[in-house]
Amino acid sequence: MGGQALAVILIVLAALLILGVPIAFSIGIASIVTILATVPLNVAVLTAAQRTFVGMSSFTLTAIPFFILAGNLMNEGGIAKRLVDFVMAILGKLPGALLVTNIGANLIFGAISGSASAAAAAVGSMVKQGEEEMGYDKALSTAANGASAPAGLLVPPSNALITYSLVSGGTSIAALFLAGYFPGLIWALGCTIAGVILAKKKGYKGVEGKFSWANLGRATLRAIPSLGLIVVVIGGIVAGIFTATEGSAVSVVYALILGLAYKNLNFRKIVDIIVESAKMSAIVVFLIGVSNILSWVMAFTGIPQMIGNALLSVTDNPIVLLLIINIILLISGTFMDVTPAILIFTPLFLPIVETFGMHPVHFGLIIVYNLCIGNITPPVGNTLFVAIKVGDTSLQKVMPYMIRFYLFILLGLILVTYVPAITLSLPQSAGLI
């Protein structure tokens, strides 16, 4: 039964995606078609409606629209320039100063905004003029910008980790948030090393003169209010002062106050931001709802058990199993967005890795790290194409440089996969797991 159901899901889903049907509708239709093999049409439709409602009725899910709104408020609130100046004051002496600054600012801004594409657009635009004035290769600058932007998706607050928490059966969001710091830093560090190596080959030097503590102090003071969002929200969640959902609401108030204080928000902008955030939230929440139909269908037809038995029949070596899972996720991530991929693959692979004792928090960071790579990998690679548009260059020119960045990012994936302490040490030290 499981094999037949999986075949129907894959065939229908692939056909609809090729025809250009939106991913949410594709998942819903594929699920209903699969249900029809076992139950009458009226029962299938009723079951699908019930599962969709159940999938969207979680209180924790409310955090995603709030974090989306907070991110959009911060995007329009004038914080990118302050973060770029802050990172430049710290890393400006390294070879390829603006490349490295771009990478560091993407890590911070991506975490605050909750969007890799927003980071690539905002930070990339900020450093673009300086890079052009200093004669930087457009393709190299674009590669550094695109490759580093997804790092912020691993650092809290992360909608991807909230989605994983929901579909994995309620894994602690606070634990997932803390677990994301080191993987995010590893991603950014790998990009920094690649950027410095390429900058040295190109002869790009750092900012001239001695390191200035005064300059760092001024940049830090300007950046503290923006950085405070992470401290207040994540600190409050981890300390148990408020839940992730309450923290997301706090982040909206914080971002609104900050944007008004910087005088970058007005009534018209706020209305537009709310409308745009509502549209984005509706897409994400509906996608989670219909994906709940798919999760139910897979559980009902025994697909996870079938896949688990198939993989375990190939090998029972955890190292090899994780390698196979990583390869599947990497390939899938090249043509699927992060959220739907999390919703589809978590119920498939989480039971398998739990059989050899892997903690759900650890696997959550593995799956998100994998799928973030898809954000910068053709043919979909939304974040990479945003960076290319900002950098005013082409994919053909950027890819030779991207290969260098991919190597270090994949090395980070290996570390995150096979060294559990990277993800689990912070949550364990905080007593969350």
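Small disclaimer: the values here were computed from a predicted structure and weren't measured.
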Any heavy-atom pair between the side chains of [Y] and [X] that's under 4.5 Å?
X: Val127; Y: Ser141; answer: no
X: Leu410; Y: Leu413; answer: yes
X: Val353; Y: Ile366; answer: no
X: Leu424; Y: His359; answer: yes
X: Leu343; Y: Thr163; answer: yes
X: Leu69; Y: Ile274; answer: yes
X: Ile422; Y: His362; answer: no
X: Leu384; Y: Leu395; answer: yes

Measure across [X] and [Y] and return the closest heavy-atom pair with its distance rounded to 0.1 Å.
X: Asp85; Y: Arg222; value: OD2-NH2, 4.1 Å
X: Ala430; Y: Leu178; value: CB-CD1, 3.6 Å
X: Leu154; Y: Tyr369; value: CD1-CD1, 3.6 Å
X: Pro347; Y: Ile342; value: CD-O, 4.2 Å
X: Leu350; Y: Pro360; value: CD1-CA, 4.1 Å
X: Ser251; Y: Ala70; value: OG-CB, 3.3 Å

Would Met399 and Tyr406 satisfy side-chain contact (heavy atoms from CB on, under 4.5 Å), going step by step from the backbone distance to the final call?
CA-CA 10 Å; Met399 285 309 294; Tyr406 288 142; 3.7 Å; yes
[Y] backbone acceptor or donor facing [X] side chain under 3.5 Å:
X: Ser165; Y: Thr171; value: yes
X: Tyr254; Y: Pro225; value: yes
X: Ser281; Y: Ala278; value: no
X: Thr377; Y: Thr334; value: no
X: Ser158; Y: Leu153; value: yes
X: Asn145; Y: Val123; value: no

Let me see the working for Leu365 and Leu161 under side-chain contact (heavy atoms from CB on, under 4.5 Å), right down to the final yes or no.
CA-CA 8 Å; Leu365 271 299; Leu161 292 176; 4.1 Å; yes
Show me the pairs that pass salt bridge (Lys or Arg N to Asp or Glu O under 4.0 Å) and involve residues 266-287, at least two apart or across chains.
Arg268-Asp272
Looking at Ile319, I'd like to know if its CD1 atom is crowded, meaning that more than 12 non-hydrogen atoms belonging to other residues, nucleotides or ligands lie closer than 6.0 Å.
no
So does Phe25 have more than 12 non-hydrogen atoms from other groups sitting under 6.0 Å from CZ?
no
Separation between [atom1] of [X] and [atom2] of [Y], rounded to the nearest 0.5 Å:
X: Leu94; Y: Met88; atom1: CG; atom2: CE; answer: 10.0 Å
X: Ile325; Y: Met358; atom1: CD1; atom2: CE; answer: 8.0 Å
X: Leu36; Y: Ser31; atom1: CG; atom2: OG; answer: 11.0 Å
X: Leu99; Y: Thr142; atom1: CG; atom2: OG1; answer: 10.0 Å
X: Ile18; Y: Ser26; atom1: CD1; atom2: OG; answer: 10.5 Å
X: Ile197; Y: Thr192; atom1: CD1; atom2: OG1; answer: 11.0 Å

Can you list everything that forms a salt bridge (Lys or Arg N to Asp or Glu O under 4.0 Å) with Lys138? Sequence neighbours excluded, please.
Asp392
Could you go through Ile367 and Phe363, starting from their C-alpha distance and side-chain angles, then the distance that decides it, and tell me whether this counts as side-chain contact (heavy atoms from CB on, under 4.5 Å)?
CA-CA 6 Å; Ile367 194 170; Phe363 184 68; 4.3 Å; yes
Show me the side-chain donor-acceptor pairs of residues 256-265 shorter than 3.5 Å, one per line, residues at least two apart or across chains.
| residue | atom | partner | partner atom | Å |
| --- | --- | --- | --- | --- |
| Asn264 | ND2 | Gly77 | O | 3.1 |

Under 3.5 Å, side-chain donor or acceptor atoms of residues 179-187 against the rest of the protein: list the pairs with distances, not counting sequence neighbours.
| residue | atom | partner | partner atom | Å |
| --- | --- | --- | --- | --- |
| Trp187 | NE1 | Ala147 | O | 2.8 |

Applying side-chain contact (heavy atoms from CB on, under 4.5 Å), run through Ile376 and Ile409 and close with a yes or a no.
CA-CA 11 Å; Ile376 52 172; Ile409 292 170; 3.8 Å; yes
Criterion ring-ring contact (aromatic ring centres under 6.0 Å, His included) on Phe345 and Tyr164, from CA distance to verdict
CA-CA 10 Å; Phe345 290 109; Tyr164 172 80; over 10 Å; no
Qualifying side-chain hydrogen bond (donor to acceptor under 3.5 Å, both in side chains) pairs, either residue in residues 416-428, two or more places apart
Asn326-Thr417
Ring pair (Phe, Tyr, Trp, His ring centres under 6.0 Å) against Phe356, all qualifying residues, sequence neighbours excluded
none
